[in-house]
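Remarks on the structure that follows.
Note that these values count all heavy atoms, side chains included, but never hydrogens, waters or copies made by symmetry. Chain A is the first sequence line, chain B the second, and so forth, proteins listed ahead of strands; every chain is numbered from 1.
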Amino acid sequence: MPGDTSSIVLRFAPNPNGPMTIGHSRGLSINSEYSRMYGGKVVLRFDDTDPKVKPPIIDAYDWIEREYEWLAGKAPDIVIRASDNMSRYLKCAEEMIAGGFGYVCRCSVEDFKRMREEMKDCPCRDRLVSDTLSDWEAMNSGEITEGDAVVRVKTAMALPNPALRDWPALRILDAPHPAVDGAQYRVWPLLDFQSAIDDHDQGVTHIIRGKDLMDSTRKQTLLYEHFGWSYPQTLYWGRIKVHEFGKISKSEIKAAIEKGKFEDWDDIRLPTLPALMRRGFRGEVIRDFWIDLGITQKDISISMQTIEAFHAKRIDSSTERRSFVRDPVKLTLEGSGGPGPELSIPKHPDGMVQGSRDWTVGGSVVVQSADVNAGSIRLKEYADITVSGESAAVDSWSRTDERPVVQWLPLDMGRDAVLHRPEGRLISFESGLLEDFELKIGEIYQLERVGFARLEDLPDEGPAKLIWLHS
RNA sequence: GCUCGUGUGGUGUAGUUCGGUCCAUCAUGAUGGACUCUCGAUCCGUCGACCCGGGUUCAAAUCCCGGCACGAGCACCA
């Protein structure tokens with residue numbers, strides 16, 4: 001990391017207009033990891049100064065703090081809401097106007113766009129400071145209506161980069177803010193202005209952000225020069241795309257939820273952090289995954305499968321096994337001798353999880369219907385059998401030949417369960433019998449020959465609810 | 001259109017600052033085999049890349065010039 005790293009201050013600044021998504025998780029992982037490496041601090045700042053186009057959701061402040069902790073493994077060092085700093089932004093704006101490096105512009109959007117293209121000064125640019133100051137007051141008092149004026153930072157209209165030419169800093173918005181008292185403010189700062197002031201006020205030393213914000217850095221640097229501040233060191237990462245999800249838009253997800261296309265923000269088909277949490281992903285594994293990828297400015301495109309493979313590898317050795325027989329068929333066992341009714345099966349085949357699952361085998365067992373077609377099968381860890389109709393003859397207790405090994409359950413050991421599994425735009429429901437041994441809500445199990453799943457609910461009445469994690 | 005950024009196997013990366021130690025690293029993937037009473041894991045092998053074209057040089061992934069491709073910004077969004 002460049003610059004003085006003796007006591008770094010980083011920041012992570014989401015908009016609380018929904019929970020975080022997998023996209024945010026990269027930014028947060030990288031910021032929190034750098035903070036850990038250098039013994040620095042992270043400011044969690046809610047950039048919530050657009051009550052109109054991206055209105056904050058009041059619950060999202062808490063969601064995000066929880067998600068932060070889940071992913072980073074610790075709470076943020078400082079939590080700030082931009083909407084609490086409104087008076088500071090307005091004061092800075094006034095100072096900017098009074099200092100002559102900002103002005104109130106009353107041109108229409110189209111007119112200004114044209115002047116920007118033609119590199120021509122806007123007529124509002126060279127008005128007397130006193131005139132533009134009175135316009136500023138009029139903006140705040142309500143004499144100027146929404147859309148009729150904007151405060152711009154005076155840079156230069158001849159700048160080669162069109163994005164930098166007299167960029168907009170504040171605008172009028174007549175909309176209530178859910179976290180701010182009523183109609184207290186009319187003029188709200190845009191991101192580049194708000195964030196620039198906050199970074200300075202909060203003593204941010206390093207900014208690590210997506211390279212789509214490179215022009216923000218340049219805009220804000222120009223503003224810092226006006227104020228005589230020095231800009232933080234800045235690092236960028238490239239665009240990230242997850243194949244399965246494409247572009248993620250919180251407002252589109254919100255609309256889809258309202259239309260009933262998804263259950264809620266934690267619908268298991270969604271790329272949100274609540275959905276990932278619900279499926280049983282572990283925050284520190286997701287974090288390690290992003291850190292493994294590193295930060296480069298290259299645009300990258302990864303598959304959810306890559307994340308899942310990484311996750312499976314990390315949790316495998318600490319995840320207990322359970323049997324889950326889908327589409328079960330009941331078989332009556334006919335045979336004598338054998339190991340007796342008590343059976344002990346390890347919680348994990350390699351013994352990384354100590355202990356065993358103790359089964360009591362009665363006269364009946366269940367196997368998956370697709371497995372009985374093979375005729376001769378081996379009930380794993382138990383017996384070689386040959387199926388005929390609804391009964392099965394035990395050929396041998398020990399493994400004697402190459403017949404397929406199948407999952408099974410003593411009938412009395414199973415309880416009804418439904419596995420919920422995201423299948424693209426749909427959710428599939430697979431019913432079966434789940435091994436009823438030391439089940440705990442919230443726990444992740446590897447369902448043998450099926451995959452990893454989280455046990456979400458274990459009602460007294462009705463089937464247990466399993467949520468698919470990954471294979 | 002203007003501005004900025006990025007190009008290394010299918011995917012993600014190391015190496016580029018300061019040219020040689022790079023017939024290019026590691027992981028994942030694909031594939032062949034061994035092993036295994038779930039999936040897998042493990043072990044052995046194989047496949048596969050420096051965007052293109054010039055230039056400088058004894059020597060270029062690395063430096064220079066010119067293309068090309070992709071991405072982002074040019075919002076009264078964040």
Side-chain angles (χ1 to χ4, degrees), chain A residues 13-18 24 46-50 52-56 82 105-109 112-113 116-119 139 146-152 159-165 167-173 187-192 194-195 209-219 236-241 243 249-251 289-290 292-303 305-307 309-310 312-313 316-317 319 321-324 345-346 349-350 352 377-384 398-400 402-408 446-452 470-471:
Chain A
N15 183 334
N17 64 341
H24 294 92
F46 293 105
D47 280 353
D48 58 349
T49 54
D50 180 1
K52 194 140 193 172
V53 182
K54 296 191 173 174
C105 171
R106 307 204 50 180
C107 299
S108 70
V109 174
F112 191 84
K113 200 171 195 166
R116 181 173 50 220
E117 272 168 25
E118 295 169 356
M119 303 204 217
M139 281 176 79
E146 180 175 329
D148 285 345
V150 58
V151 177
R152 297 188 177 280
L159 250 24
N161 188 344
L164 272 36
R165 297 172 193 158
W167 54 273
L170 303 96
R171 80 305 206 190
I172 301 170
L173 241 35
V187 180
W188 296 82
L190 269 334
L191 171 82
D192 289 323
Q194 170 263 114
S195 156
R209 61 182 171 198
K211 72 172 183 183
D212 52 317
L213 263 10
M214 274 183 167
D215 281 342
S216 278
T217 300
R218 299 183 183 104
K219 287 186 207 174
Y236 304 96
W237 65 75
R239 211 179 69 121
I240 169 106
K241 201 166 122 197
H243 293 144
S249 154
K250 277 193 280 190
S251 35
F289 177 81
W290 292 125
D292 250 34
L293 284 192
I295 65 166
T296 60
Q297 291 190 30
K298 212 162 34 170
D299 296 327
I300 61 176
S301 134
I302 55 139
S303 162
Q305 286 178 15
T306 312
I307 300 178
F310 185 87
K313 192 171 287 182
D316 177 81
S317 64
T319 307
R321 270 55 177 164
R322 288 294 183 275
S323 227
F324 179 57
I345 298 172
D350 302 328
M352 284 173 238
I377 51 181
R378 170 148 185 96
L379 304 180
K380 184 172 180 277
E381 312 269 6
Y382 192 60
D384 288 356
S398 57
R399 182 153 169 77
T400 54
E402 294 298 303
R403 66 182 73 193
V405 175
V406 306
Q407 293 322 120
W408 62 289
Q446 197 215 46
L447 307 175
E448 292 187 302
R449 242 174 49 169
V450 180
F452 292 85
H470 51 61
S471 51

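- Residue T49(A) places at least one side-chain N or O under 4.0 Å from the OP1 or OP2 atom of rA78(B).
- Within the 4.5 Å cutoff, side-chain heavy atoms of I302(A) are placed close to those of F289(A).
- When the C1' atom is used for both rC50(B) and rA24(B), the distance is 8 Å, rounded to whole Å.
- Between rU3(B) and rC52(B), the two C1' atoms lie 24 Å apart (nearest whole Å).
- Using a 4.0 Å cut-off, some side-chain N or O of R239(A) falls inside it from OP1 or OP2 of rA72(B).
- rU28(B) and rU21(B) have their P atoms separated by 27 Å, with the value rounded to a whole Å.
- Under the 4.5 Å side-chain criterion, counting only non-hydrogen atoms from C-beta, W188(A) is in contact with R171(A).
- Annotation: rU36(B) and rG40(B) have their C1' atoms spaced 10 Å apart (nearest Å).
- Separating the C1' atom of rA60(B) from that of rG19(B) is a span of 6 Å, rounded to the nearest Å.
- Side-chain contact check for F112(A) versus R152(A): some heavy-atom pair is nearer than 4.5 Å.
- Residues P189(A) and L170(A) have side chains in contact (heavy-atom distance under 4.5 Å, counting atoms from C-beta outward).
- Residue K298(A) places at least one side-chain N or O under 4.0 Å from the OP1 or OP2 atom of rU13(B).
- In this structure, L191(A) reaches the bases: a heavy-atom distance under 4.0 Å links it to at least one base atom across the strands shown.
- Here T296(A) reaches the OP1 or OP2 of rU13(B): one of its side-chain N or O atoms lies under 4.0 Å away.
- Taking the side chain as every heavy atom from C-beta outward, R209(A) and T217(A) approach each other to under 4.5 Å.
- Among the protein residues, G238(A) comes within range of no part of the nucleic acid, since none of its heavy atoms lies under 4.0 Å from any strand.
- Mapping L213(A) and S471(A) onto RNA chain B by nearest heavy atom places S471(A) at the nucleotide closer to the 5' end.
- Between rU28(B) and K313(A), a contact under 4.0 Å exists linking OP1 or OP2 to a side-chain N or O.
- Residue E448(A) places no side-chain atom within donor-acceptor reach of the base of rC39(B), judged by atom type and a 3.5 Å distance cut-off alone.
- A distance of about 39 Å separates the C1' atoms of rG32(B) and rC68(B), rounded to the whole Å.
- When the nucleotides rU3(B), rA78(B), rC39(B) are ranked by their closest atom to the side chain of R171(A), rA78(B) comes out on top.
- R321(A) comes within 4.0 angstrom of a base, heavy atoms only.
- Distance check on atom C1': rG15(B) versus rU62(B) gives 9 Å, rounded to whole Å.
- Residue-level contact check: Q407(A) touches the backbone only, with heavy atoms under 4.0 Å from sugar-phosphate atoms and none from bases.
- Within the nucleic acid shown, E146(A) has no heavy atom closer than 4.0 Å to any nucleic acid atom.
- Judged by distance alone with a 3.5 Å cut-off, a donor-acceptor contact links the side chain of R378(A) to the base of rC37(B).
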